[in-house]
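See structure below.
Just so you know, ligand 1 is whichever comes first in the structure, and atom 1 is the first atom listed for that ligand.
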Amino acid sequence: MYVATSSSSETPLALVELPDSPLKPNDVRVRVRAIGVNPVDWKMREGGPLRMAYRFVGPSGPLVVGVDFAGEVIEAGASADLPVGTRVVGGTDFSRKQLGSYADEVVAGADQCARLPDSISFDQAACLPVAGVTAWISLTDIARIDRKPNARVLVLGASGGVGLATIQLSKTLGAAVVGVCSGKNVALVERLGATAVDYTKGDPLEAARALGPFDLVLHAVGTDLYPLGTCRSLLSKDGVVSLAVVRPSDALAIGFLPSVKTVLGKPTRKTLEPIVAAVASGAFECLIEAKLPLAEAEQAHVLSRKGKVVGKLLLVP
Ligand SMILES: NC(=O)c1ccc[n+]([C@@H]2O[C@H](COP(=O)([O-])OP(=O)(O)OC[C@H]3O[C@@H](n4cnc5c(N)ncnc54)[C@H](OP(=O)(O)O)[C@@H]3O)[C@@H](O)[C@H]2O)c1
């Protein structure tokens, strides 16, 4: 197999050959057809808590970044329930000693993959795992929007991967959505069914206040820009702020305030299946900003770091 790896954020990602990873009984080996790029992929290269966690519990050898993949099963472990030839979407998990998804082949547990109907392309599917699952967990496990009639959701960072997933999955759960984005993305956010608030025109949180209160504020930007206290003041009585981006100054609030939660968008079959179903039914549109060869992964990280990607960046092995 070949993978994209680098020893530090200063060393560009480069393709190298590695021996095939061994398969556990519940694992599948997947021929990767498309890879979704997430900010965590370049954050992982930069040191900090994520890289430290990888050093402690991740696989040994070179750092292979990436989580999202879509492709076909080419080998199945003895107890894996996805036979060879199955089209799947999934996410790798370094805490299970798995290498990342920037590769022509990945090994992941069958429970980390969902079956893909023929109507969904590998490119569409690769948009879904981390961003979609982050939105889905926030909406369901964290805010229980699936059990609240007439719920209202506010998403900060509405035009990014997490934001667009949040808008569309909120609609499938019957919730009304408000999305904060820049002026150039207002038309897109509204086309997908949210009320857009343009953050370049005045204070977006005050503009959102008039459209609340909210059962969920999904914060995909950072509390340095949109303060946690103001976000909490926009909540309904049982509402919750779900932090996809955590700053060190959020620690006390996370520890002590029941209305503040962190979300970890770890793809599993259970969390991927409802998102795949939403795409299959036409309720979820996968927006792809650009598609690059895996050999140009470094360029994809340059683009992602700028924080202006609309929808998803994809890599193709
Ligand atoms: N905890 C987790 O498990 C988890 C999972 C996924 C993502 N995340 C984190 O969540 C963040 C968002 O992820 P993503 O995949 O959505 O990133 P992304 O796709 O790179 O997001 C880019 C978008 O952010 C928007 N944006 C930039 N500044 C903004 C601002 N001040 N207000 C509103 N929107 C702004 C940009 O739109 P404009 O051009 O309109 O500004 C752009 O469309 C990242 O930091 C990522 O690491 C965490």
Do any nitrogen or oxygen atoms of [X] lie less than 3.5 angstrom from nitrogen or oxygen atoms of ligand 1?
X      : result
Tyr199 : yes
Ala131 : no
Tyr226 : yes
Ala244 : yes
Lys308 : yes

Which of the numbered atoms in ligand 1 are below 4.0 angstrom from a heavy atom of [X]?
X      : answer
Val263 : 1 (N), 2 (C), 3 (O)
Asn185 : 37 (O), 38 (P), 39 (O), 40 (O)
Thr134 : 3 (O), 4 (C), 5 (C), 6 (C)
Leu264 : 3 (O)
Gly161 : 14 (P), 16 (O), 19 (O)
Val130 : 5 (C), 6 (C)
Gly265 : 2 (C), 3 (O)
Val180 : 33 (C), 34 (N)

Neighbour count >12 (heavy atoms, 6.0 Å) for atom NZ, Lys201: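 Check fails, neighbour count at 12 or below.
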For the NZ atom on Lys291, are there more than 12 heavy atoms of other groups (residues, nucleotides or ligands in this structure) within a distance under 6.0 Å?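 Check fails, neighbour count at 12 or below.
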Spacing of [atom1] belonging to [X] relative to [atom2] belonging to [Y], to within rounding of 0.5 Å:
X      : Y      : atom1 : atom2 : answer
Arg247 : Leu225 : CZ    : CG    : 7.5 Å
Leu82  : Arg29  : CG    : CZ    : 14.5 Å
Gln299 : Leu315 : CD    : CG    : 10.5 Å
Ile167 : Glu190 : CD1   : CD    : 9.5 Å
Ser259 : Asp238 : OG    : CG    : 10.5 Å
Arg45  : Leu63  : CZ    : CG    : 8.0 Å

Can you check which of [options] brings a heavy atom nearest to [atom]?
atom                    : options                       : result
atom 15 (O) of ligand 1 : Ala135, Pro39, Ala196, Ser159 : Pro39
atom 23 (C) of ligand 1 : Val162, Leu218, Val309        : Val309
atom 38 (P) of ligand 1 : Ser182, Gly179, Gly36, Gly157 : Ser182
atom 39 (O) of ligand 1 : Lys266, Lys184, His219        : Lys184

Report the nearest protein non-hydrogen atom to [atom]: residue, atom name, distance rounded to 0.1 Å.
atom                    : value
atom 21 (O) of ligand 1 : Gly160 CA, 3.5 Å
atom 25 (C) of ligand 1 : Gly307 O, 3.9 Å
atom 47 (O) of ligand 1 : Lys43 NZ, 2.7 Å
atom 12 (C) of ligand 1 : Ala220 O, 3.3 Å
atom 10 (O) of ligand 1 : Val245 CG2, 3.4 Å

Pair [X] + [Y], salt bridge at N-O below 4.0 Å:
X      : Y      : value
Glu46  : Arg51  : no
Asp27  : Arg96  : no
Asp123 : Lys312 : no
Arg191 : Glu285 : yes
Arg31  : Glu105 : yes

With a heavy-atom distance limit of 4.0 Å, tell me whether Leu225 approaches ligand 1 through its side chain, its backbone, both, or neither.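 The part of Leu225 near ligand 1 is the side chain, not the backbone.
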May I ask you to decide if the ring planes of Tyr226 and Tyr199 are parallel, tilted or perpendicular, using 30° and 60° as cut-offs?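 The arrangement is perpendicular - the two ring planes meet at more than 60°.
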Would you say Lys312 touches ligand 1, if touching means a heavy atom closer than 4.0 Å?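 Distance cut 4.0 Å: Lys312 fails for ligand 1.
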